[in-house]
Amino acid sequence: MQYVSRVPRPPLDGLIDDLYYLAGAPPYARLMLPPMPGALLIVNLGAPFRIRAGAGTAEYADGCVVTTPTRAFEFGYPPWTRSVGVHVKPWGLAPFLPMPAAELSDRPVTLEQVWGRPAVAELRDRLATADRPHAMLTVLEQELRRRLGETTGLGLVRRASRVIAATGGAVAIGGLSEAAGVSSTHLAQRFKALIGVTPKRLARTHRFATTVLAIDFAAPVDWGDVAAGAGYFDQAHFGHEFRDFTGLTPTRYAEVRRRFLREHPGSALDGWSLPAD
């Protein structure tokens with residue numbers, strides 16, 4: 001697959017990790033994505049894809065918006081896929097949404113539901129005209145810059161979220177509200193409105209993602225050492241978190257991760273997603 005990405009210019013770089021272009025045959029027809037401390041916006045330029053979230057499955061022709069998730073979801077790809085997208089910081093979608101992020105929690109929606117059919121159709125036309133990946137990313141960045149709006153409480157949520165990220169989720173949540181000079185209830189309400197999850201849930205997600213991404217799955221894994229090093233109460237606690245985030249045991253997760261590494265080394269979609277078939 002072809003994958004091109006770049007970091008946007010200020011002020012978007014304070015909201016977005018990167019803009020990307022993706023095209024080609026996916027390594028698997030279905031990929032499972034465990035929760036990550038971040039959000040996602042996709043403008044689809046190829047055949048529709050499907051997302052299974054919870055008990056429901058929906059098709060997305062124009063693209064989708066996914067706020068910071070609390071559970072794994074599954075992407076079903078066509079034989080050939082083409083899209084541009086945005087990997088967004090946990091708080092980064094809020095300035096582009098017409099509704100609170102909490103309304104979209106674990107409920108991916110079409111891009112049309114967020115920006116409207118005429119606007120999305122016009123954007124997709126401009127992307128198709130741009131044709132080349134870097135030109136398409138420029139078009140997408142211009143659209144995001146045009147839509148950037150003021151968001152109440154964004155500074156508060158961004159500062160607290162950065163503390164959570166800097167500690168890998170190992171932070172006292174009560175201390176965040178004290179440091180910010182607001183009540184824990186107010187902080188949780190702002191997080192829910194702008195990110196879709198509470199500070200505690202975001203910290204759990206950071207902790208899990210930081211722990212798993214640091215594991216070398218090419219070598220044997222001592223799960224007891226991993227759990228202790230990450231500060232989990234015990235290995236059973238870590239195993240519970242693993243199942244809550246992925247639906248898999250740590251051992252099974254390692255097997256599936258190694259399968260991906262073995263069958264598609266260097267794939268643009270490797271790193272966090274897992275084959276679901």
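We count residues from 1, following the sequence as given.
Inter-residue side-chain proximity for Thr81 and Met1 is flagged as met; some heavy-atom pair is nearer than 4.5 Å. Using a 4.5 Å cut-off on side-chain heavy atoms (C-beta onward), Met136 and Leu45 make contact. The side-chain heavy atoms of Leu104 and Met99, taken from C-beta on, include a pair separated by under 4.5 Å.
How far CD of Gln142 is from CZ of Arg146: 10.5 Å, rounded to the nearest 0.5 Å. In this structure, OG in Ser184 is found 11.0 Å from NE2 in His186, a value given to the nearest 0.5 Å. Interatomic distance, CE of Met36 versus OG1 of Thr205, reported as 9.5 Å (0.5 Å rounding). Residue Arg82 holds its CZ atom at 9.0 Å from CD of Gln2, rounded to the nearest 0.5 Å. For the atom pair CG (Leu123) and CH2 (Trp115), the distance works out to 6.5 Å, reported to the nearest 0.5 Å. To the nearest 0.5 Å, atoms OG (Ser161) and NE2 (His206) are separated by 7.0 Å.
Between Phe242 and Phe208, the gap from one ring centroid to the other is short of 6.0 Å. Between Tyr3 and Tyr21, the distance separating the two ring centers is not shorter than 6.0 angstrom. Taking the six-membered ring where the residue is Trp, the centroids of Phe238 and Phe233 are separated by 6.0 Å or more.
No path of Ile, Leu, Val, Met, Phe, Trp and Tyr side chains, each step under 4.5 Å between heavy atoms, connects Leu274 with Tyr77, placing them in separate hydrophobic clusters. Cluster membership for Val157 and Leu148, using ILVMFWY side-chain heavy atoms within less than 4.5 angstrom, is shared. Put simply, Phe75 and Tyr253 are part of two different groups of oily side chains (I, L, V, M, F, W, Y) that touch within less than 4.5 Å, one to the next. Follow the hydrophobic side-chain contacts under 4.5 Å out from Leu19 and you never reach Leu22; the two are in separate clusters. The hydrophobic cluster containing Val114 also contains Leu154, counting ILVMFWY residues as joined when their side-chain heavy atoms lie under 4.5 angstrom apart, directly or transitively.
When the shell of 6.0 Å around CZ of Arg132 is examined, it contains 12 or fewer heavy atoms from other residues, nucleotides or ligands. Residue Arg117 qualifies as open at atom CZ: its count of foreign heavy atoms under 6.0 Å is 12 or below. Heavy atoms of other residues, nucleotides or ligands lying less than 6.0 angstrom from NE2 of His237 number more than 12. In this structure, Arg71 places its CZ atom where only 12 or fewer heavy-atom neighbours from other residues, nucleotides or ligands lie under 6.0 Å away.
A side-chain donor-acceptor contact under 3.5 Å links Thr110 to the backbone of Gln113. When atom types are taken as modelled, the side chain of Asp106 and the backbone of Thr70 share a donor-acceptor pair closer than 3.5 angstrom.
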Please step through side chain to side chain donor-acceptor pair (under 3.5 Å) for the pair Thr138 and Arg6, ending with a clear verdict.
CA-CA 10 Å; Thr138 296; Arg6 74 165 187 242; 3.0 Å; yes
Glu241/Arg207 under salt bridge (Lys or Arg N to Asp or Glu O under 4.0 Å): CA gap, chis, key distance, verdict
CA-CA 10 Å; Glu241 287 289 272; Arg207 187 184 190 185; over 6 Å; no
Test side chain to side chain contact (heavy atoms under 4.5 Å, CB included) on Arg190 and Thr152 and set out the steps.
CA-CA 9 Å; Arg190 287 293 83 204; Thr152 302; 4.3 Å; yes
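Between Phe260 and His264, the ring-plane angle classifies as perpendicular under the 30° and 60° cut-offs. Note on ring orientation: taking the six-membered ring where Trp is involved, the planes of Phe217 and Trp223 are tilted (angle from 30° to 60°).
Of all heavy-atom pairs spanning Ala276 and Met32, the tightest one is CB-N, 4.0 Å. Here the closest non-hydrogen pair linking Val4 and Pro133 is CG2-CB, 4.0 Å. Between Ser273 and Arg257, the shortest heavy-atom contact is O-NH2, 3.1 Å. Nearest heavy atom pair, residue Leu202 against residue Thr68, reads CD1-CG2, 4.3 Å. The minimum heavy-atom distance linking Thr167 with Val171 is given by the pair OG1-CB, 3.5 Å. Between Leu140 and Leu127, the shortest heavy-atom contact is N-CD2, 4.3 Å.
Under 3.5 Å, the side chains of Ser83 and Asn44 contain no donor-acceptor pair of N or O atoms. In this structure, a donor-acceptor pair under 3.5 Å is absent between the side chains of Thr198 and Arg204.
Asp244 has a carboxylate O that lies under 4.0 Å from a charged side-chain N of Arg201, or vice versa, which qualifies the two as a salt bridge. Residues Arg50 and Glu74 are not paired through a salt bridge, judged by the lack of any N-O separation under 4.0 Å between the basic side chain and the carboxylate. Using a 4.0 Å cut-off between a side-chain N of Lys or Arg and a carboxylate O of Asp or Glu, Asp62 and Arg124 do not qualify as a salt bridge. For the pair Arg259 and Glu255, the salt-bridge criterion is not met [side-chain N within less than 4.0 Å of a carboxylate O].
Screening Leu40, Ile51, Ile42 for a side chain to side chain contact (heavy atoms under 4.5 Å, CB included) involving Pro108 leaves a single residue, Ile51.
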